[in-house]
*Asks:* 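Quick one: this structure, given as structure tokens, is what I'll be asking you about.
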Amino acid sequence: MCKTWHVDEFDALTSVVESSLSQVENMPGAGNAKKNWQRIQEHFFFETFHPIKDYCLETIFYILPRLSGLVEDEWIPIGKFTRFKDIPLDAGFQWYLSPTQLCELKPGDWAQQDIGSNSGEADDQSEWTDVQKKIIPWKTNVPDLDLELVFQDRIAKLGKSISRLIVVASLIDKPTNLGGLCRTCEVFGASALVVGGLQCTRDKQFQCLSVSAEQWLPLVEVKLPQLIDFLQQKKAEGYTVIGVEQTARSVDLTQYSFPERSLLLLGNEREGIPANLIPQLDVCVEIPQQGIIRSLNVHVSGALLIWEYTRQQLLKQRDTGS
């Protein structure tokens with residue numbers, strides 16, 4: 001086929017493939033050699049699939065996932081490709097729809113019984129186990145927008161989260177903890193993350209942990225000398241200032257009901273929340289622990305409280321039907 005279509009890039013490979021196939025076909029007295037050769041010729045990618053004509057968007061994103069047995073919402077609908085139909089062909093490649101009968105195949109036509117019948121594994125291979133599924137980007141209802149416009153739209157919505165949770169990390173020093181918190185806050189829809197200096201976002205360790213979350217989460221810079229004034233300002237706006245700390249009067253996390261307007265103040269990695277800030281807190285919440293070591297990494301502690309806040313708010317929304 002490479003020779004017929006004059007695909008020059010594969011000239012060197014073509015002779016090797018031909019030689020290998022010829023050797024298999026003509027191998028004398030090799031037991032299953034003939035059966036193997038027949039199996040190769042009947043294989044989907046040898047007999048049915050056309051590596052040039054079928055190299056298109058429909059095949060890659062719709063037909064092959066369907067034939068592979070992926071769940072239906074993993075197939076990208078053909079309608080998503082209509083914007084590409086007018087792109088001119090280049091060197092025989094069809095970028096939109098498959099011109100062959102590939103789309104008419106059923107999963108049974110694709111399946112290959114390459115496992116011996118006596119192995120007892122064939123049936124197991126046909127059953128799919130659970131797989132990772134973190135995002136279905138083509139279900140965001142913005143398929144026809146340019147990617148740049150999508151990003152602009154998301155940026156315009158920064159600060160408009162329905163959550164009323166503010167996470168204050170001005171006391172935290174390590175960029176890894178800040179990066180992890182940034183990611184956690186973005187995932188659970190916090191309204192803002194407060195840091196001691198916005199320059200932390202340029203740190204490679206921060207970026208490694210945040211995986212770009214800082215682009216979609218409002219970040220506010222509040223330096224340590226400004227922190228008390230910031231907390232008082234938020235109190236005046238109706239926020240409950242919650243310290244994540246073990247104190248003589250701290251409340252067990254499992255017993256605490258988060259107000260809608262909550263501000264979490266996280267402590268320093270080594271010293272926790274300084275004594276001069278304790279009076280600024282409306283409540284201290286601690287995480288129940290069973291082990292001998294009486295402290296958690298500050299990012300882990302923050303993540304647990306952020307999730308508990310989110311869980312409680314989701315339950316409230318479900319109960320109210322909003």
Side-chain angles (χ1 to χ4, degrees), residues 61 73-74 76 80 83 132-224 226-227 230-231 233-234 237 239 241-242 244 258 260-269 297-314 317:
F61 295 110
D73 61 6
E74 295 285 355
I76 303 182
K80 304 293 183 182
R83 62 188 296 186
Q132 278 192 352
K133 183 178 177 183
K134 296 184 178 180
I135 186 172
I136 306 179
W138 52 93
K139 294 202 171 184
T140 58
N141 296 322
V142 288
D144 297 325
L145 295 177
D146 290 336
L147 192 59
E148 182 179 354
L149 295 178
V150 175
F151 284 168
Q152 290 175 356
D153 181 62
R154 292 188 68 181
I155 292 172
K157 292 179 180 178
L158 286 179
K160 298 181 181 179
S161 170
I162 60 173
S163 171
R164 293 293 182 268
L165 176 67
I166 298 175
V167 179
V168 178
S170 296
L171 296 170
I172 296 176
D173 296 326
K174 294 183 178 180
T176 49
N177 286 330
L178 291 170
L181 272 171
C182 183
R183 181 174 178 176
T184 300
C185 288
E186 198 281 330
V187 166
F188 291 115
S191 59
L193 173 65
V194 178
V195 296
L198 292 176
Q199 71 275 8
C200 69
T201 60
R202 297 191 291 270
D203 187 282
K204 294 296 183 182
Q205 291 181 309
F206 177 98
Q207 295 172 0
C208 181
L209 270 293
S210 72
V211 292
S212 81
E214 68 276 9
Q215 299 179 32
W216 317 116
L217 172 73
L219 297 181
V220 180
E221 182 177 88
V222 176
K223 298 183 183 298
L224 289 181
Q226 306 166 328
L227 190 51
F230 177 80
L231 297 178
Q233 174 189 340
K234 290 303 172 185
E237 295 175 5
Y239 280 87
V241 178
I242 303 165
V244 186
F258 285 88
E260 181 181 1
R261 289 177 175 262
S262 291
L263 182 151
L264 290 183
L265 177 64
L266 302 173
N268 179 263
E269 289 92 343
N297 172 273
V298 65
H299 169 215
V300 175
S301 298
L304 289 171
L305 269 78
I306 292 168
W307 160 243
E308 179 59 23
Y309 169 89
T310 304
R311 187 189 69 83
Q312 291 184 17
Q313 296 305 311
L314 289 174
Q317 292 176 17

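Residue numbers run from 1 in the order of the sequence given. Note that the coordinates shown come from a computational prediction; the quantities given were computed from them, not determined experimentally.
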*Asks:* Between Ala169 and Leu181, which heavy-atom pair has the shortest distance, and what is it?
*Replies:* CB-CD1, 4.1 Å
*Asks:* Can you name the nearest heavy-atom pair linking Ile172 to Gly267, along with the distance?
*Replies:* CG1-O, 3.6 Å
*Asks:* Check whether any side-chain heavy atom of Arg164 lies under 4.5 Å from a side-chain heavy atom of Tyr239, and answer yes or no.
*Replies:* yes
*Asks:* Any side-chain heavy atom of Arg261 within less than 4.5 Å of one from Lys234?
*Replies:* no
*Asks:* Quick test of your reading of the model: are Arg311 and Glu308 salt-bridged, counting only N-O distances below 4.0 Å?
*Replies:* yes
*Asks:* Considering all heavy atoms of both residues, which atom of Ser191 and which atom of Ile166 are nearest to each other, and what is their separation?
*Replies:* OG-CG1, 3.6 Å
*Asks:* For the side chain of Ser210 and the backbone of Arg183, is there at least one donor-acceptor N/O pair under 3.5 Å apart?
*Replies:* no
*Asks:* Say whether Gln313 and Gln317, considering side chains only, have a donor N or O and an acceptor N or O under 3.5 Å apart.
*Replies:* no
*Asks:* So, the side chain of Glu214 versus the backbone of Thr201: is there a donor-acceptor pair under 3.5 Å, distance only?
*Replies:* no
*Asks:* Mind checking whether Val167 and Tyr309 have side chains closer than 4.5 Å, heavy atoms only?
*Replies:* no
*Asks:* Hey, are the side chains of Phe258 and Leu165 touching, using non-hydrogen atoms and a 4.5 Å cut-off?
*Replies:* no
*Asks:* Checking Gln205 side chain against Pro175 main chain: does a donor-acceptor pair fall under 3.5 Å?
*Replies:* no
*Asks:* Which heavy atom in Leu217 sits nearest to a heavy atom in Cys182, and how many Å separate them?
*Replies:* CD2-O, 3.6 Å
*Asks:* Keeping to residues at least two apart or across chains, list the side chain to side chain donor-acceptor pair (under 3.5 Å) pairs with something in residues 169-178.
*Replies:* Asp173-Asn268, Asp173-Arg270, Asn177-Glu269, Asn177-Asn297
*Asks:* Do you know which two heavy atoms are closest between Thr184 and Ile306, and how far apart they sit?
*Replies:* CG2-CD1, 4.1 Å
*Asks:* Could you report the tightest heavy-atom contact between Phe230 and Leu263, atom names first, then the distance?
*Replies:* CE2-CD1, 4.0 Å
*Asks:* Taking the side chain as everything from C-beta on, heavy atoms only, tell me whether Val168 gets closer than 4.5 Å to Leu227.
*Replies:* yes
